[in-house]
Engineer: 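Dropping a structure here in structure tokens format, bear with me for questions.
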Amino acid sequence: MERNDIIDFNALEKELQAALTADEKYKRENAAKLRAVEQRVASYEEFRGIVLASHLKPLERKDKMGGKRTVPWNCHTIQGRTFQDVATEISPEKTPLQPETSADFYRNWRRHLLSGQERYQTLLQLGGPKLGRLFQTDVGFGLLGELLVALADHVGPADRAGVLGILRSLASTGRFTLNLSLLSQAERESCKGLFQKLQAMGVPRSMKEGLSWEEQGLEEQSGGLQEEERLLQELLELYQVD
């Protein structure tokens, strides 16, 4: 057997596990949707909450009673140790996330990225191409809106090109139109606000100050700006922003 014909079983195992995880997530969320419809939920927010909580399991008796507590209720009562010492032991070290599958991303997004700024920086760090590969099949119910909110709340002029790249990659994922139609009203407003900010950031400083391109030496930058504007117009249609 040629060297190039050797099968990488570890890679195959990871790929199979990722496919099984994605399939299990799809079945779980689909069952939750059917359950929500049968219950005749009163609002979209209630429907969305049922689907997002579909991965949660009810507490068992052993979880409620007995069981050793590893974290004391009052850290200040520990003799010879400061609150900072205890907090250091409990809080995990912040390391850049490198998810290999959409399931990895979703788990880290929910468990470790607790602030909007952390979520925003993680999206920039991963970048559009990586996010596009992670969510090639589907972004996942409810997640697209959260991604858009994080981008809208923290986007800055220096990140404009990176955010446009992320938006383009998300728009190319599977079932994007369906996920877009399921955005809540608040998420739709955030999406609209995000594009308004991106449009405002596209106005060159020379134009804002009434200066010519030659006076600011921005001839080379104009080409990149025109490309960004073309992409922005394309994304406005894809995201159905008026």
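It should be emphasised that the depicted structure is a prediction, and the values quoted were computed from it without experimental measurement.
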Engineer: Counting only heavy atoms not in Lys192, do more than 12 fall under 6.0 Å of its NZ?
Structural biologist: no

Engineer: Output every pair passing side-chain hydrogen bond (donor to acceptor under 3.5 Å, both in side chains) with a member in residues 134-151, not counting sequence neighbours, ordered by first then second residue.
Structural biologist: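 Sorted pair list: Trp109-Glu146, Arg110-Glu146, Asp138-Arg175, Asp138-Asn179.
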
Engineer: What distance separates Leu232 CG from Glu237 CD, expressed to the nearest 0.5 Å?
Structural biologist: 10.5 Å

Engineer: Sequence neighbours left out, what passes ring pair (Phe, Tyr, Trp, His ring centres under 6.0 Å) with Phe195? Give chain and number order.
Structural biologist: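 By the ring pair (Phe, Tyr, Trp, His ring centres under 6.0 Å) rule, Phe195 matches Tyr239.
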
Engineer: Would you say the side chain of Leu198 lies within less than 4.5 Å of the side chain of Leu235, judging by non-hydrogen atoms?
Structural biologist: no

Engineer: Any chance you could measure Ser184, atom OG, to Glu189, atom CD, to the nearest 0.5 Å?
Structural biologist: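 It is 9.5 Å, given to the nearest 0.5 Å.
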
Engineer: If you measure from the Lys or Arg side-chain nitrogens to the Asp or Glu carboxylate oxygens, is any gap between Arg160 and Glu229 under 4.0 Å?
Structural biologist: yes

Engineer: How many angstroms lie between CD in Glu228 and CG in Leu164, if you round to the nearest 0.5 Å?
Structural biologist: 6.0 Å

Engineer: Under a 3.5 Å distance rule, please check whether Lys130 uses its side chain to pair with a backbone N or O of Gln125 as donor and acceptor.
Structural biologist: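 Checking the backbone N and O of Gln125 against the side chain of Lys130, no donor-acceptor pair under 3.5 Å is found.
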
Engineer: Would you check, one step at a time, whether the test side-chain contact (heavy atoms from CB on, under 4.5 Å) holds for Asn108 with Thr122?
Structural biologist: CA-CA 10 Å; Asn108 289 323; Thr122 295; over 6 Å; no

Engineer: If you look only at distance, which donor and acceptor atoms sit under 3.5 Å apart when one is on a side chain in residues 148-158 and the other is two or more places apart or in another chain?
Structural biologist:
{"residue": "His154", "atom": "ND1", "partner": "Gln117", "partner atom": "OE1", "Å": "3.0"}
{"residue": "His154", "atom": "NE2", "partner": "Gln117", "partner atom": "N", "Å": "3.3"}

Engineer: Let's go through Leu236 and Gln199 carefully: what are the C-alpha distance in whole Å and the side-chain angles of both, what is the deciding distance for side-chain contact (heavy atoms from CB on, under 4.5 Å) to 0.1 Å, and is it a yes or a no?
Structural biologist: CA-CA 10 Å; Leu236 283 168; Gln199 286 177 307; 3.6 Å; yes

Engineer: Look up atom OH in Tyr120 and atom CG in Asp159, then write down how far apart they are to the nearest 0.5 Å.
Structural biologist: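 Answer for the OH-CG pair, Tyr120 versus Asp159, is 3.5 Å.
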
Engineer: Thr173 vs Leu144, test: side-chain contact (heavy atoms from CB on, under 4.5 Å). Steps then yes/no.
Structural biologist: CA-CA 11 Å; Thr173 57; Leu144 177 61; over 6 Å; no

Engineer: Specify the closest pair of heavy atoms between Glu100 and Asp104, including all atoms of both residues, with the distance to one decimal.
Structural biologist: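 Where Glu100 meets Asp104 most closely, the heavy atoms are N-OD2, 3.2 Å.
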
Engineer: Please evaluate residues Leu124 and Val163 with respect to the criterion side-chain contact (heavy atoms from CB on, under 4.5 Å), reporting the C-alpha separation (whole Å), side-chain torsions for both, the decisive distance (0.1 Å), and the verdict.
Structural biologist: CA-CA 7 Å; Leu124 288 181; Val163 171; 4.2 Å; yes

Engineer: Rounded to the nearest 0.5 Å, how far apart are OG of Ser102 and CZ of Arg133?
Structural biologist: 13.5 Å

Engineer: Minimum heavy-atom separation for Leu231 and Arg168, please, with both atom names.
Structural biologist: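 Closest approach of Leu231 to Arg168, heavy atoms only: CD1-CD, 3.7 Å.
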
Engineer: Distance from Leu167 atom CG to Ser172 atom OG, nearest 0.5 Å?
Structural biologist: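 Atom-to-atom, Leu167:CG and Ser172:OG are 11.0 Å apart.
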
Engineer: Of all heavy-atom pairs between Gly127 and Ile166, which one has the smallest distance, and what is that distance?
Structural biologist: C-CG1, 4.2 Å

